[in-house]
K.L.:
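Sharing a structure below in structure tokens format, with a few things to ask.
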Amino acid sequence: MQSPGGSWKTFVLSSSDALRSLPLPSQDSPQFTQEVNELKALQQNRTATVNESIAYWNNGSVVQWNAIARSLVIKHNTSAPGASRIYALLSVAQYDALVSAWNNKYTYNRSSPHDIDASIQPAVQTTSDPAYPSDHAAVAGASAAVLSYLYPNETAWLTKQAAADDESRLEAGVNFRSDITAGNAIGLTVAQDVIKYAKNDGSNIPWSGTVPTGTGKWVSTTSPATPPLLPNWGNVTMWLMNKSDQIMPPAPPAFGSAQFEAALKEVKQIANNRTEEQLQIAQRWDDGAGTSTPTGDWNAIACGLIQNDSMNELRAARTLALMNTATENAGICCWKAKYEYWELRPITADPTINTAFATPNFPSYTSGHSDFSGAAAGVLSYIFPKEQSQLQGQAQQASLSRLYAGIHYRFDCDQGLKVGGEVAQRAIQRGEQDGSPQQAS
């Protein structure tokens, strides 16, 4: 019997059955006997430290590797657009690896160790899904390889994390060694396809343009003045559409117009009379340098929902792949608009505005927080419809936080949410056509 999860639409693999694991060892082979004995020996040596590792990774390989990615974004002070790309690359690799793993699981239909030998007692609750190849090993292999490409100085540490994830499934008695080997092979193969995509996505192409000058145009907000952040980011290859200008907001209000002056007045009125609640909201969603960035914030929210819903690894990966491709693409659309319109920041238009923290060094229109949040909340509302009201409220709060901080106009925020929502619809459309029903598989 084939699981529908093994036929879901993939991102980088040509098809869900593009990768075929090697045939598993027969149960009368010396290798299989050795693997059974290995699990029995490990079972006798479950120390407190081993049990702690088992519990940590059993909390969800997809979720734990997402947390690892967020920790690296923080450690390496990755920019908001750069972080959105990292989360997307990681999640696509995890998802494609797991679709392939599920395809192979139901091709070989190997039972779990306990079902083969009742003396092997699993330390965690098992599932009805076949064990070969290991889903954890597929995720670990894909995640460690992709993150090592993105953060090469972390390769040794990431390799240790992958080994710990793998070993935890042996120590828990839920996978044989050959399950792990097959899962790793799938993860590593998918990772190479994702890395090839990353090398050609245009994210490292240098900008050769010049900053425009004139009334109402952006100027650097740093002292001394520094170049703006990633002017070429609007041309990065997109997962969900062909070009970033397919979803382009209209031009912002003309500098000096009545609409612009009213928006600027509102920023000053709020920023210079900021309530304690507004300050707390601004700080809650600051997500500046040295944080997991706005998309990291939304990844933490998504992982919480995944765990509350007890999603299996494949469903968890699908959730994050749809959300993270949407947030990365929303950011690309946002950066396209920023460097199309070069809208000046409120603090430049009126230096007496009391900002809550430093204004980011790139144009104002549209708000990146708003684009990211509109996309994330839209996708998560599709996957978790019962949470829609709360998710949309969080997106609105994240968007308004930039107005409360005095670093964005309301039209930056409103248009950013709209663009993010439109990008979310592209991800939802993909989700509706990927072969995955919205109930657990």
K.L.:
Looking at every non-hydrogen atom in both residues, tell me the closest pair between Leu320 and Ala302 and how far apart they are.
P.N.:
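Looking at all heavy atoms of both residues, the shortest contact is CD2-CB, 3.8 Å.
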K.L.:
Going by the side-chain hydrogen bond (donor to acceptor under 3.5 Å, both in side chains) test, name the single residue among Asn235, Asp245, Thr366 that passes it with Lys336.
P.N.:
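Single pass found, and it is Asn235.
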K.L.:
Answer yes if the ring centres of Trp233 and Tyr339 are under 6.0 angstrom apart, and no otherwise.
P.N.:
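Between Tyr339 and Trp233, which both carry aromatic rings, the centre distance is not below 6.0 Å.
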K.L.:
ring-ring contact (aromatic ring centres under 6.0 Å, His included), that's the test. Do Phe260 and Tyr409 meet it? Break it down for me.
P.N.:
CA-CA 9 Å; Phe260 176 87; Tyr409 311 98; 5.3 Å; yes
K.L.:
In terms of the angle between their ring planes, are Tyr365 and Tyr341 parallel, tilted or perpendicular, with boundaries placed at 30° and 60°?
P.N.:
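Because their plane-to-plane angle is over 60°, the rings of Tyr365 and Tyr341 count as perpendicular.
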K.L.:
Between Asn175 and Tyr132, does a side chain to side chain donor-acceptor pair (under 3.5 Å) hold up when you go through it step by step?
P.N.:
CA-CA 8 Å; Asn175 280 123; Tyr132 182 87; over 6 Å; no
K.L.:
Please check this pair: side chain of Asn299 against backbone of Thr295, looking for a donor-acceptor N/O pair closer than 3.5 Å.
P.N.:
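Judged by distance alone, yes, a pair lies under 3.5 Å.
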K.L.:
Look at the aromatic rings of Tyr197 and Trp239 and report parallel, tilted or perpendicular, splitting at 30° and 60°.
P.N.:
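The rings of Tyr197 and Trp239 lie parallel, inter-plane angle below 30°.
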K.L.:
What's the shortest heavy-atom distance between Ser381 and Gln392, and which atoms?
P.N.:
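Closest pair (atom of Ser381, atom of Gln392, distance): OG-NE2, 3.3 Å.
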K.L.:
Could you tell me whether a side-chain N or O of Asp96 sits under 3.5 Å from a main-chain N or O of Leu13, the two making a donor and an acceptor?
P.N.:
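Yes; at least one donor-acceptor contact below 3.5 Å.
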K.L.:
Check whether any side-chain N or O of Trp335 sits under 3.5 Å from a backbone N or O of Leu229 as a donor-acceptor pair, and report yes or no.
P.N.:
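Checking the backbone N and O of Leu229 against the side chain of Trp335, a donor-acceptor pair under 3.5 Å is found.
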K.L.:
Over all heavy atoms of both residues, which pair between Ile205 and Asn232 is shortest? Give the atoms and the distance, please.
P.N.:
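Looking at all heavy atoms of both residues, the closest pair is O-ND2, 3.2 Å.
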K.L.:
With a cut-off of 6.0 Å (strictly less than), are more than 12 heavy atoms of other residues, nucleotides or ligands near CD of Glu52?
P.N.:
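Open: at most 12 neighbouring heavy atoms sit under 6.0 Å from CD of Glu52.
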K.L.:
Distance under 6.0 Å and angle within 45° of the ring axis: does Lys105 meet both against Trp102?
P.N.:
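Because its charged atom sits under 6.0 Å from the ring centre and within 45° of the axis, Lys105 does stack over Trp102.
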K.L.:
Taking the side chain from Ser401 and the backbone from Ala398, do they hold a donor-acceptor pair closer than 3.5 Å?
P.N.:
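Yes, the answer is positive, given that a donor and an acceptor are paired below the 3.5 Å cut-off.
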K.L.:
Any chance you could lay out the salt bridge (Lys or Arg N to Asp or Glu O under 4.0 Å) test for Asp297 and Arg284, step after step, and finish with the verdict?
P.N.:
CA-CA 10 Å; Asp297 228 335; Arg284 155 68 183 88; 2.8 Å; yes
K.L.:
Apply side chain to side chain donor-acceptor pair (under 3.5 Å) to residues Thr222 and Ser220 and explain how you reach the verdict.
P.N.:
CA-CA 6 Å; Thr222 64; Ser220 177; 3.0 Å; yes
K.L.:
Assess whether a salt bridge exists between Asp201 and Arg85, defined as any Lys/Arg side-chain N lying under 4.0 Å from an Asp/Glu carboxylate O.
P.N.:
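A salt bridge links Asp201 with Arg85.
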K.L.:
Which atom names give the shortest non-hydrogen contact between Cys413 and His408, and what distance separates them?
P.N.:
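Looks like SG-CB, 4.1 Å.
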K.L.:
Going by an N to O cut-off under 4.0 Å, is there a salt bridge joining Glu167 and Arg177?
P.N.:
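Salt bridge flag = yes for Arg177 with Glu167.
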K.L.:
Between the main-chain N or O of Ala97 and the side-chain N or O of Ser100, is there a donor-acceptor pair closer than 3.5 Å?
P.N.:
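It does not hold such a pair.
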K.L.:
Taking atom CD as the centre, does Glu432 end up with more than 12 heavy-atom neighbours from other residues, nucleotides or ligands that are less than 6.0 angstrom away?
P.N.:
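More than 12 within 6.0 Å, yes.
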K.L.:
Could you go through Arg402 and Asp412, starting from their C-alpha distance and side-chain angles, then the distance that decides it, and tell me whether this counts as salt bridge (Lys or Arg N to Asp or Glu O under 4.0 Å)?
P.N.:
CA-CA 9 Å; Arg402 312 307 272 175; Asp412 294 340; over 6 Å; no
K.L.:
Which atoms form the tightest heavy-atom contact between Ala140 and Ser61, and what is the distance?
P.N.:
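Closest approach of Ala140 to Ser61, heavy atoms only: N-OG, 4.4 Å.
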K.L.:
For the pair Ser53 (side chain) and Val50 (backbone), establish whether a donor and an acceptor sit closer than 3.5 Å, ignoring hydrogens and angles.
P.N.:
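Looks like no, no N/O pair under 3.5 Å.
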K.L.:
Would you find a donor on one side and an acceptor on the other, under 3.5 Å apart, between the side chain of Thr359 and the backbone of Thr221?
P.N.:
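Absent.
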K.L.:
Taking the side chain as C-beta and beyond, is there a heavy-atom pair between Trp157 and Ile68 under 4.5 Å?
P.N.:
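When only atoms from C-beta onward are counted, Ile68 and Trp157 do touch, with a gap below 4.5 Å.
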K.L.:
Can you see which heavy atom on Ala356 is nearest to which on Arg274, and at what distance?
P.N.:
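The answer is N-NH2, 3.4 Å.
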K.L.:
Please check this pair: side chain of Arg46 against backbone of Glu171, looking for a donor-acceptor N/O pair closer than 3.5 Å.
P.N.:
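Answer holds: yes.
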K.L.:
Just by modelled atom types, is the Leu314 backbone N or O under 3.5 Å from a matching donor or acceptor in the Asn312 side chain?
P.N.:
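Indeed, once roles are kept as given, a pair shorter than 3.5 Å links the two residues.
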K.L.:
Are Arg318 and Asp434 packed together at the side-chain level, in the sense that at least one heavy-atom pair is separated by less than 4.5 angstrom?
P.N.:
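Yes, close enough: below the 4.5 Å cut-off.
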K.L.:
Please determine whether the number of non-hydrogen atoms from other residues, nucleotides or ligands lying under 6.0 Å from atom CD of Glu277 exceeds 12.
P.N.:
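No - once you tally the heavy atoms of other residues, nucleotides and ligands closer than 6.0 Å, there are 12 at most.
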K.L.:
Start with the C-alpha distance between Trp298 and Ser373, add both sets of side-chain angles, then the distance that settles side chain to side chain donor-acceptor pair (under 3.5 Å), and finish with yes or no.
P.N.:
CA-CA 7 Å; Trp298 280 102; Ser373 298; 2.9 Å; yes
K.L.:
Using only atom types and a distance under 3.5 Å, with no angle test, would you say the side chain of Asp193 pairs donor to acceptor with the backbone of Val12?
P.N.:
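Such a contact is absent between Asp193 side chain and Val12 backbone.
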K.L.:
I'd like to check Arg426 versus Ile247 (side-chain heavy atoms, cut-off strictly below 4.5 Å). Are they in contact?
P.N.:
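Yes, side chains in contact.
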